Number of protein chains: 2
Amino acid sequence: MSEIRKNSLLGVPRTSQPSKAALTRAAIMDAGQEFLLARPFRELTVGGLMKLTGHSRPTFYLYFNDLHGLMEALLDEVKVGIVEGARPWLSNEGDAVEELQSSLSALVNVGYEQGAILKAVSDAAPGDERLEQVWQAFIGSFDEVVAARIAMDQAVGITPQFDPLPVARALNRMDAAILIHAFGTRDKGDKGDVLSAIRRVWLATLYPFDAEAVINGVRDREEQK
Amino acid sequence: MSEIRKNSLLGVPRTSQPSKAALTRAAIMDAGQEFLLARPFRELTVGGLMKLTGHSRPTFYLYFNDLHGLMEALLDEVKVGIVEGARPWLSNEGDAVEELQSSLSALVNVGYEQGAILKAVSDAAPGDERLEQVWQAFIGSFDEVVAARIAMDQAVGITPQFDPLPVARALNRMDAAILIHAFGTRDKGDKGDVLSAIRRVWLATLYPFDAEAVINGVRDREEQK
DNA sequence: CTGGATTTCTGACACGATGTCGGCAAAAGT
DNA sequence: ACTTTTGCCGACATCGTGTCAGAAATCCAG
């Protein structure tokens with residue numbers, strides 16, 4: 001399950017074994033991930049978690065400050081996947097509408113895969129000042145880039161004139177909330193419904209002049225890949 | 001501070017004193033509310049809370065099952081204010097665009113006032129199964145009514161055709177998230193910015209044919225009262 | 001190998017918050 | 001005044017946390 005994680009600490013020369021410590025750390029993260037796939041964060045306990053790894057409870061504190069530290073580490077893993085998918089529309093070129101759609105589609109896919117972790121982090125965040133800030137910063141980090149892209153499209157005239165940042169904030173919070181809501185629990189919602197909904201909202205807000213997209217509703221080309 | 005709360009348990013005949021128990025309960029809720037105006041939920045503790053009331057810690061458990069029970073009670077108080085303000089647009093008649101705007105405006109106002117409590121409940125929710133469900137049900141309760149209104153406007157032809165429920169969900173989550181984000185902490189965001197943003201998104205999504213509203217952006221009539 | 005240094009782990013402890021229970025005190029009823 | 005009801009609290013057991021001193025495993029030079 002974590003071939004990725006094993007080698008993910010520094011580009012070790014070639015066949016240098018990952019230190020035992022790194023393995024243990026990875027094992028803890030794996031156990032946490034697995035646990036959170038099945039149970040909510042509030043039921044996660046250091047003792048219970050470490051029982052899954054076969055190590056003793058104090059060992060946990062050798063690698064993380066506390067459960068929130070673990071969540072922060074898990075979030076870091078998910079981060080990359082998200083920024084990855086969101087890229088096309090952000091680094092603009094080509095058709096804005098097309099690119100936004102593919103970005104949203106990618107976002108929904110990542111959300112679908114990582115929904116449990118995202119919900120777990122979002123659940124854990126309010127319990128710890130530091131994690132709360134990290135989480136807010138993560139969500140917020142998209143606000144400026146989205147706002148920037150909006151400003152650009154406004155300059156080109158394909159987006160109506162309005163203060164970009166608050167709207168960017170609103171749209172981003174919507175995405176986060178809807179993804180966590182739809183895909184955060186074991187019985188996930190319908191990917192198509194979610195994508196259609198947020199696509200409609202984004203397009204209507206940002207590209208209302210593209211009547212095809214908004215009024216006719218972008219029929220079903222671009223099933224999520 | 002809680003003249004309302006004092007009399008809020010049954011319509012007592014006339015001048016019957018509120019029972020001592022009711023007073024104590026109200027005092028606890030007041031203390032909680034006050035605390036949460038200044039500090040986050042994670043710092044709320046039964047002991048600390050009861051010190052504010054002058055009563056002993058066990059007394060708390062005479063009136064609430066636990067801190068999450070208290071949060072549920074506080075949420076109930078806020079509920080009414082919210083459904084109140086949201087009413088105009090939901091019970092449709094008159095201009096849809098106008099009414100939606102006034103509903104959103106009212107919503108932003110309530111959010112501004114009760115932001116701290118809303119954030120506290122939202123923070124507390126993931127820590128308790130029951131509260132989580134109550135909170136989800138509260139947010140979700142608007143999904144169906146909004147969806148119903150959308151379906152109505154679609155029938156009339158002022159709203160494009162699409163599956164109403166997922167879009168309603170998305171818009172509602174956006175509202176909740178943005179209100180909590182903007183008004184949940186002591187240094188609240190700008191009411192005007194928030195209102196403009198969500199108004200733009202709602203209008204663009206639901207009433208894209210109203211070019212005045214959407215494209216020109218509803219200039220500043222209706223400053224929040 | 002092998003004894004010493006380094007890395008990795010753990011048993012045992014102290015602490016803080018929770019929720020409960022039996023009984024005390026204050027108020028109300030007669 | 002005295003009994004009943006109502007409202008309250010001291011004391012306890014429990015659970016999860018985070019730390020620390022030292023044990024065990026691993027590595028490595030001689």
Side-chain angles (χ1 to χ4, degrees), chain A residues 5-6 9-10 12-13 15-32 35-36 39-73 120 123-124 126-131, chain B residues 5-6 9-10 12-13 15-32 35-36 39-73 120 123-124 126-131:
Chain A
R5 186 140 54 218
K6 280 189 207 151
L9 317 196
L10 307 176
V12 275
T15 42
S16 95
Q17 297 83 343
S19 69
K20 207 171 172 211
L23 285 180
T24 305
R25 196 186 137 97
I28 296 175
M29 289 183 66
D30 280 345
F35 181 95
L36 294 171
R39 311 291 322 164
F41 174 76
R42 63 172 161 276
E43 293 178 12
L44 182 60
T45 186
V46 177
L49 175 64
M50 294 310 285
K51 213 162 291 180
L52 295 181
T53 72
H55 289 273
S56 77
R57 200 172 63 78
T59 297
F60 174 85
Y61 296 97
L62 258 30
Y63 300 98
F64 304 95
N65 289 325
D66 54 19
L67 285 178
H68 297 94
L70 171 63
M71 298 314 296
E72 195 176 334
D123 283 357
D128 180 76
E129 168 136 33
R130 178 178 159 80
L131 183 60
Chain B
R5 188 138 53 215
K6 279 188 207 149
L9 314 196
L10 306 176
V12 277
T15 44
S16 94
Q17 300 83 342
S19 69
K20 210 173 172 211
L23 285 181
T24 306
R25 195 187 137 98
I28 296 175
M29 289 183 66
D30 280 346
F35 181 94
L36 294 171
R39 311 290 323 163
F41 174 78
R42 64 171 160 275
E43 293 177 12
L44 182 60
T45 187
V46 177
L49 174 65
M50 294 311 286
K51 213 162 291 177
L52 296 181
T53 72
H55 290 274
S56 77
R57 201 172 62 78
T59 297
F60 174 85
Y61 296 98
L62 258 29
Y63 299 98
F64 303 95
N65 289 325
D66 54 20
L67 284 178
H68 297 93
L70 171 63
M71 298 313 297
E72 195 175 334
D123 283 357
D128 180 75
E129 167 135 32
R130 178 179 158 81
L131 183 60

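Here the structure is a predicted model, which means the values were calculated and not measured. Throughout, protein chains are lettered first and strands after them, A, B, ... in sequence-line order, and every chain is numbered starting at 1.
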[X] versus [Y], closest heavy-atom pair with distance:
X	Y	value
B:D123	B:F41	CB-CB, 4.3 Å
A:A124	A:M71	CB-CG, 3.8 Å
A:F64	A:A73	CE2-CB, 3.9 Å

Any chance you could lay out the side-chain contact (heavy atoms from CB on, under 4.5 Å) test for A:Y63 and A:M29, step after step, and finish with the verdict? CA-CA 10 Å; A:Y63 300 98; A:M29 289 183 66; over 6 Å; no

Which nucleotide in C:dT8, D:dG16, D:dG7 has an atom nearest any side-chain atom of A:A21: C:dT8

In terms of side-chain heavy atoms of B:L67, which of D:dG16, C:dT18, D:dA25 is nearest? C:dT18

Interatomic distance, [X] [atom1] vs [N] [atom2] [rounded to whole Å]:
X	N	atom1	atom2	answer
B:K20	D:dT6	NZ	C1'	9 Å
B:R42	C:dG16	CZ	C1'	18 Å
A:L49	D:dG16	CG	C1'	14 Å
A:L23	D:dT26	CG	C1'	14 Å
B:L62	C:dG19	CG	P	14 Å
B:L44	C:dT18	CG	C1'	13 Å
B:M50	C:dG19	CE	P	14 Å
B:E43	C:dG16	CD	P	16 Å

Enumerate the residues from residues 51-60 of chain A whose closest heavy atom to DNA chain C is under 4.0 Å, giving them by residue number; use none for an empty result. A:H55, A:S56, A:P58, A:T59

A:R57 side-chain N/O to A:M50 backbone N/O, donor-acceptor pair under 3.5 Å: no

Does [X] have a side-chain nitrogen or oxygen under 4.0 Å from the phosphate oxygens OP1 or OP2 of [N]?
X	N	value
A:S19	C:dT7	no
A:Y61	C:dT10	no
A:T45	D:dT17	yes

For A:D128, give me all partners under side-chain contact (heavy atoms from CB on, under 4.5 Å), at least two apart in sequence or on another chain. A:D66, A:H68, A:R130, A:L131

Pairs flagged by side chain to side chain donor-acceptor pair (under 3.5 Å) wherever residues 44-53 of chain A is involved - sequence neighbours left out: none

Heavy atoms under 4.0 Å, any strand shown: does A:F64 hit a base, just sugar-phosphate, or nothing? nothing

